[in-house]
2 protein chains.
Amino acid sequence: MSIASSPRTSPAAFSSLPESGSAGADDTAGRPGNDIVELLFFAYRDFVSDPDRLLTQYGFGRAHHRVLHFVERQPGMTIAEMLDILGITKQSLNPILKDLVEKGYIVQRTGTVDRRQRLLFPTDKGRALSLDLTKPQLGRIARALAGTEPDVRAKVTAFLFAMIDPDDHAHVARLVWTEPATDGHDAE
Amino acid sequence: MSIASSPRTSPAAFSSLPESGSAGADDTAGRPGNDIVELLFFAYRDFVSDPDRLLTQYGFGRAHHRVLHFVERQPGMTIAEMLDILGITKQSLNPILKDLVEKGYIVQRTGTVDRRQRLLFPTDKGRALSLDLTKPQLGRIARALAGTEPDVRAKVTAFLFAMIDPDDHAHVARLVWTEPATDGHDAE
DNA sequence: AATTTACGTCAGGCTTATTGACATATTTCA
DNA sequence: TGAAATATGTCAATAAGCCTGACGTAAATT
């Protein structure tokens, strides 16, 4: 594990922090939300760095992680939907997908209803790797929530959801809060 | 946009999925925090895309934004500290910094106490651009918090802080919750 | 039969990052 | 004072991951 198991700093230190009341003419520092801008940067930086060591061992990058993750979360996903989720082009996706397929983490199947589609499914091997990669991230989240009031998880979740472009809300909600179907579509 | 896939919308069965293979007792879908993993991805994706259009107009990239942002937040920052914050090498930073200096957004000054250091300061022009770039992000945060209970902001802030590597807590706290000094170090 | 859709692929290019090696000015230490 | 460490700059080579544009193919839709 890459995360130090050091004792958690006391959240009590959060009570009286300067949130406004700047010195300058334009209150640059006092803009509400400015701290969240920066915390988001640092939190995300550390968050995505969690699986990096493991990823490097496999010769994969973060893009591979994202693809594998979403395939595992929604087996049978189409290429088009993956592109939409990741916000990249098919030319960018292709080499990454090719890697994952060639190394046996993902299988592509011709769609049954629309034979133009190449549906993506994780193999057992792919599921196992996805699990390993996400583990340190889940650990980080669990530690961040440990000892907090029971409503924090729900409020954080709602906040993050509200941070997403409203146009994508329906899509994201379905992806995030829907069970991966137990289809028998494993390879092997 | 062809986001047409399976219509399974039953958040009921979050308990037992037959997980074949290696990982054993882990229930893949029901892992707590899995939704936060994904929401963090989408929220951050949309969050960083906010300033992109503006950035492109200036011929800058996201790296320029980050550098400018932190210089504005902590005027007089050293190169070493910037490297530490961004987690990159000086070779990566240099061309970006050079851009910003040449175009008049940042000035470098020889340190007074240690003349080896090149302290970084924003110009008025730099501060203005930084403000413009951060504006849509602050707007997004404000919208996400609008109408929520008054404790949400503090709880989200605490959560994000706890998500950061504990080793960096002191450093980040100082950076985030310290006023930019009103030094007369403007370039003119 | 013509068009559209879903996907694959080739080509070329950009930004941001990397490691390694070396140079220079300045501070600190012995 | 001389040696070593520090802060920064720079050149070179490399790579991941993204981009646009263009073209091709199979399958569905009209």
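Values in this document were obtained by computation on a predicted structure and should not be read as measured data. By convention in this document, chain letters (A, B, ...) are assigned in the order of the sequence lines, proteins followed by strands, and residues within each chain are numbered from 1.
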Trainee: Using a 3.5 Å distance criterion without hydrogens, assess whether the side chain of A:Asp165 forms a donor-acceptor pair with backbone atoms of A:Asp167.
Mentor: no
Trainee: Quick one, B:Asp46 and B:Phe41 - any side-chain contact, counting heavy atoms below 4.5 Å?
Mentor: no
Trainee: Can you tell me if the side-chain N/O atoms of A:His64 get under 4.0 Å from OP1 or OP2 in D:dA16?
Mentor: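 For D:dA16, OP1/OP2 do not have a side-chain N/O of A:His64 under 4.0 Å.
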Trainee: Over its full length, what angle do the end axes of the helix from C:dA1-D:dT30 to C:dA30-D:dT1 make, each axis taken from five pairs and the result rounded to 10 degrees?
Mentor: 20°
Trainee: Distance check needed: C:dT16 P versus B:Asn94 CG, whole Å only.
Mentor: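 About 14 Å, once rounded to whole Å.
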Trainee: Between B:His171 and B:Ile85, is there a side-chain heavy-atom distance shorter than 4.5 Å?
Mentor: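 Sidechains of B:His171 and B:Ile85: in contact.
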Trainee: Whole angstroms only, please: what is the NZ-P distance between B:Lys90 and C:dC22?
Mentor: 13 Å
Trainee: Using every non-hydrogen atom in the two residues, find where A:Glu72 and A:Pro122 come nearest and quote the distance to one decimal.
Mentor: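 Answer, listing the atom of A:Glu72 first, then A:Pro122: CA-CG, 4.0 Å.
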Trainee: Which is true for B:Gly59 with a 4.0 Å heavy-atom rule: it touches a base, it touches only sugar-phosphate, or it touches nothing?
Mentor: nothing
Trainee: Would you mind telling me which of D:dC18, D:dA7, C:dA17 lies closest to the side-chain atoms of B:Ala63?
Mentor: C:dA17
Trainee: When you match A:Ile88 and A:Arg118 each to their closest nucleotide on DNA chain D, which lands nearer the 5' end?
Mentor: A:Ile88
Trainee: Respond yes when some side-chain nitrogen or oxygen of A:Lys98 is under 4.0 Å from OP1 or OP2 of C:dG8, and no when none is.
Mentor: no
Trainee: I want to check something: taking the side chain as every heavy atom from C-beta on, are A:Trp177 and A:Thr157 in contact at a cut-off of under 4.5 Å?
Mentor: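 A side-chain contact under 4.5 Å exists here.
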Trainee: In terms of the angle between their ring planes, are B:Tyr105 and B:Tyr58 parallel, tilted or perpendicular, with boundaries placed at 30° and 60°?
Mentor: perpendicular
Trainee: Rounded to the nearest Å, what distance is computed from the CG atom of residue B:Leu93 to the P atom of nucleotide D:dA7?
Mentor: 15 Å
Trainee: Less than 4.5 Å apart, any side-chain heavy atom of A:His69 and any of A:Leu133?
Mentor: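 When only atoms from C-beta onward are counted, A:Leu133 and A:His69 do not touch, as no gap falls below 4.5 Å.
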Trainee: Rounded to the nearest Å, what distance is computed from the CZ atom of residue B:Arg109 to the P atom of nucleotide D:dT8?
Mentor: 16 Å
Trainee: Find every protein N or O atom lying less than 3.5 Å from an N or O atom of nucleotides 27-30 of chain D, and list the pairs.
Mentor:
| from | atom 1 | to | atom 2 | distance (Å) |
| --- | --- | --- | --- | --- |
| D:dA27 | OP1 | A:Arg115 | NH2 | 3.4 |
| D:dA28 | OP1 | A:Arg115 | N | 3.2 |

Trainee: Hey, is A:Arg45 close enough to A:Asp50 for a salt bridge, meaning N to O under 4.0 Å?
Mentor: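 Looking at A:Arg45 and A:Asp50, the cut-off is not met.
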Trainee: If you look at every heavy atom in A:Phe47 and A:Gln137, which pair is closest and at what distance?
Mentor: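 Heavy atoms only, the tightest pair is O-NE2, 3.1 Å.
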Trainee: D:dC18 phosphate, OP1 or OP2: any side-chain N/O from A:Arg66 under 4.0 angstrom?
Mentor: yes
Trainee: Write down the distance between CD1 (B:Ile79) and C1' (C:dT24), rounded to a whole number of angstrom.
Mentor: 15 Å
Trainee: Measure from CD1 on B:Ile96 to P on D:dT10 and round the result to the nearest Å.
Mentor: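 These atoms are roughly 14 Å apart.
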Trainee: Can you tell me if the side-chain N/O atoms of B:Gln108 get under 4.0 Å from OP1 or OP2 in D:dG9?
Mentor: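 Indeed, a polar side-chain atom of B:Gln108 lies that close.
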Trainee: Just how far, in rounded Å, is C1' of C:dT18 from CZ of A:Arg62?
Mentor: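 Taking CZ of A:Arg62 and C1' of C:dT18, I get 13 Å after rounding.
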Trainee: Under 4.0 Å from OP1 or OP2 of D:dC19: is there any side-chain N or O of A:Ser92 that close?
Mentor: yes
Trainee: From the set C:dC7, C:dA11, C:dA17, return the single nucleotide nearest to any side-chain atom of A:Gln91.
Mentor: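 Side chain of A:Gln91 sits closest to C:dA11.
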Trainee: Over how many whole Å does the gap from B:Leu97 atom CG to D:dA7 atom P extend?
Mentor: 17 Å
Trainee: Take atom CZ in B:Arg53; do more than 12 heavy atoms of anything else shown fall under 6.0 Å from it?
Mentor: no
